[in-house]
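These notes concern the structure reproduced below.
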Amino acid sequence: MAIAQLTADERAAAMEALPHWSVSREGLAIERKFEFGDFVEAFGFMTRTAILAEKADHHPEWFNVYNKVEITLTTHDAGGLSKRDVALAKQIDELV
């Protein structure tokens with residue numbers, strides 16, 4: 001079963017529910033930047049996120065330097081943003 005890319009209206013509704021995330025890559029992805037107290041705290045967050053992602057079989061693109069983590073979510077199989085990204089973003093938000 002193919003994964004559907006969100007329509008513009010679906011994307012707008014999703015972004016209302018994800019106020020800390022921003023649309024990137026011309027609407028094909030969402031991203032969020034996090035800052036923690038130190039590297040251990042950032043790495044712990046990444047570990048918890050990795051467990052969520054693995055359970056969902058949906059893996060983020062991310063970047064980490066010391067206490068900063070940047071996450072980008074997109075669904076390659078859909079060619080852009082999908083419900084899978086929105087669901088994982090909501091789970092990630094619950095971690096912080």
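Note that these values count all heavy atoms, side chains included, but never hydrogens, waters or copies made by symmetry. Just so you know, these numbers come straight off a predicted model, no measurement behind them.
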For Thr72 and Ile30, what are the C-alpha separation, side-chain angles and deciding distance, and is it a side chain to side chain contact (heavy atoms under 4.5 Å, CB included)?
CA-CA 6 Å; Thr72 301; Ile30 55 175; over 6 Å; no
In sequence, state the C-alpha distance, the side-chain angles, and the governing distance for Glu35 and Val69, and then conclude on side chain to side chain contact (heavy atoms under 4.5 Å, CB included).
CA-CA 6 Å; Glu35 188 168 336; Val69 177; over 6 Å; no
Applying side chain to side chain contact (heavy atoms under 4.5 Å, CB included) to His58 and Asp85, what does each step give before you reach the verdict?
CA-CA 8 Å; His58 190 59; Asp85 303 304; 2.6 Å; yes
Pair Phe45-Ile71, side chain to side chain contact (heavy atoms under 4.5 Å, CB included): steps then yes or no
CA-CA 11 Å; Phe45 165 77; Ile71 297 178; 3.9 Å; yes
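Atom CZ of Phe36 sits about 9.5 Å away from atom CE of Met46, to the nearest 0.5 Å. If you take CG on Asp77 and CD1 on Ile3, they are separated by 5.0 Å, rounding to the nearest 0.5 Å. Between atom CH2 of residue Trp62 and atom CZ of residue Phe34 there is a gap of 10.0 Å, rounded to the nearest 0.5 Å. Between the CD atom of Glu31 and the NZ atom of Lys33 there is a distance of 6.5 Å, given to the nearest 0.5 Å. Interatomic distance, OG of Ser82 versus CG of Leu73, reported as 9.5 Å (0.5 Å rounding). Between the CG atom in Leu52 and the NE2 atom in His59 there is a gap of 11.0 Å [rounded to 0.5 Å].
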Can I get a per-line list of side-chain donor-acceptor pairs under 3.5 Å for residues 89-96, giving both atom names and the distance, sequence neighbours left out?
unit_1 : atom_1 : unit_2 : atom_2 : d
Asp93  : OD1    : Trp21  : NE1    : 2.9
Asp93  : OD1    : Arg32  : NH1    : 2.5
Asp93  : OD2    : Trp21  : NE1    : 3.2

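Across every non-hydrogen atom of Thr74 and Leu81, the tightest pair is OG1-N, 4.1 Å. Closest of all the heavy-atom pairs between Ala29 and Arg25 is CB-CD, 4.0 Å.
Residues Phe39 and Asn64 are in side-chain contact: their nearest non-hydrogen atoms beyond the backbone lie under 4.5 Å apart. You'll find the side chain of Val86 reaches within 4.5 Å of the side chain of Leu6, heavy atoms only.
Among residues at least two apart or in separate chains, side-chain hydrogen bond (donor to acceptor under 3.5 Å, both in side chains) pairs with a member in residues 9-18 are Thr7-Glu10.
Proximity of a side-chain donor or acceptor of Glu41 to a complementary backbone N or O of Gly37 within less than 3.5 Å is detected.
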